[in-house]
Amino acid sequence: MNNQRWTIGLAVFFIIASAFTLFVWIPLDIETGVIETFRRRVNIGDAMAPTVMAAGILVVSIIMGVMAVLRPVEDAKSPEEGLDRQSFAFLLRLIIALGAGLALMFYTGPLVVDLINAMGGEIGTYRLLKDTIPYKFIGYIIGGFVLVFGTIRVIENRFSLTAAWVAIIAVLVLTFLYKVPFDNLLLPPNGDF
């Protein structure tokens, strides 16, 4: 029963957080709507991506909460509660993989531009190049690959060629999904520069 309480609590937390995001935060923070029409031209608005994500989290959280409430209670003895040494080691390895991926995503593009400039390339600053090919993709692709591949490596506890291919395909699909429908969207972390 203790595991079901955690699941129900997690579901309630994400239902509240996603509902707040969907009905309060997005309408107050984003000026454009989900779909914008200007002079008979229909475009995807700035609110489309966060609205879809918040709605998806809300639906999944409701399903998770309902399934936890309707699931029959098992009489089997539950495993030991709390985190042991292996759990902490797993969490540490996962944090390292995620941190390395995010650091690479944030710093690879600017470092490549600085390296090209140091070698006499005179291409300008990363701030000026953040929306030009290939510079806008460098950090996202390398950092995204390390995020996905590193997470798979930690979970499987081994390196595999399949995990590398899954990471490559996942990053390419996400890049395609974000860059094709959104004309003015900057891939992370380019909006920070």
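The two residues Pro27 and Val24 have their closest heavy-atom pair at CD-O, 3.4 Å. Of all non-hydrogen atoms in Thr7 and Ala68, the two that sit nearest each other are CG2-CB, 3.7 Å. Taking each heavy atom of Leu94 and Val154 in turn, the nearest pair found is N-CG1, 4.0 Å. Of all heavy-atom pairs between Ser18 and Ala54, the closest is CB-O, 3.6 Å.
The CG atom of Leu10 sits 10.0 Å away from the CD1 atom of Ile15 when rounded to the nearest 0.5 Å. Rounded to the nearest 0.5 Å, atoms CG (Leu147) and CD1 (Ile142) are 12.5 Å apart. Note: Leu58 CG to Met53 CE = 12.5 Å, rounded to the nearest 0.5 Å. The line from CH2 of Trp25 to CG of Asp29 is 7.0 Å long, rounded to the nearest 0.5 Å.
No more than 12 heavy atoms of other residues, nucleotides or ligands lie within 6.0 Å of CZ in Phe14, so this atom counts as exposed by the packing criterion. Environment of CG in Leu28: crowded, with over 12 heavy atoms of neighbouring residues, nucleotides or ligands closer than 6.0 Å.
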Using the rule given for side chain to side chain contact (heavy atoms under 4.5 Å, CB included), can you reason through Leu177 versus Val173, listing the C-alpha separation, both sets of side-chain angles and the distance that settles it, and then say yes or no? CA-CA 6 Å; Leu177 287 176; Val173 167; 3.9 Å; yes

Stepwise side chain to side chain contact (heavy atoms under 4.5 Å, CB included) test for Phe13 and Ile8: CA-CA 9 Å; Phe13 171 78; Ile8 292 168; over 6 Å; no

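Counting heavy atoms from C-beta outward, Leu104 and Tyr140 have side chains that stay 4.5 Å or more apart.
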Listed pairs under 3.5 Å, donor-acceptor, residues 156-171 side chains, sequence neighbours left out:
unit_1, atom_1, unit_2, atom_2, d
Asn157, OD1, Arg153, NH1, 3.3
Ser160, OG, Ala163, N, 3.1

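In this structure, the side-chain contact (heavy atoms from CB on, under 4.5 Å) partners of Asn117, at least two apart in sequence or on a different chain, are Val113, Ile123.
Both Ile155 and Leu102 are assigned to one and the same hydrophobic cluster, defined by single-linkage of ILVMFWY side chains at heavy-atom distances under 4.5 Å. Residue Val52 is not grouped with residue Ile57 when hydrophobic side chains (ILVMFWY) are merged at heavy-atom distances under 4.5 angstrom, including chains of intermediate members. Residues Leu174 and Ile152 do not share a hydrophobic cluster, clusters being chains of Ile/Leu/Val/Met/Phe/Trp/Tyr side chains in contact below 4.5 Å. Put simply, Val148 and Met105 are part of two different groups of oily side chains (I, L, V, M, F, W, Y) that touch within less than 4.5 Å, one to the next. Linking Ile, Leu, Val, Met, Phe, Trp and Tyr whenever their side-chain heavy atoms come within less than 4.5 Å puts Leu172 and Phe149 in one cluster.
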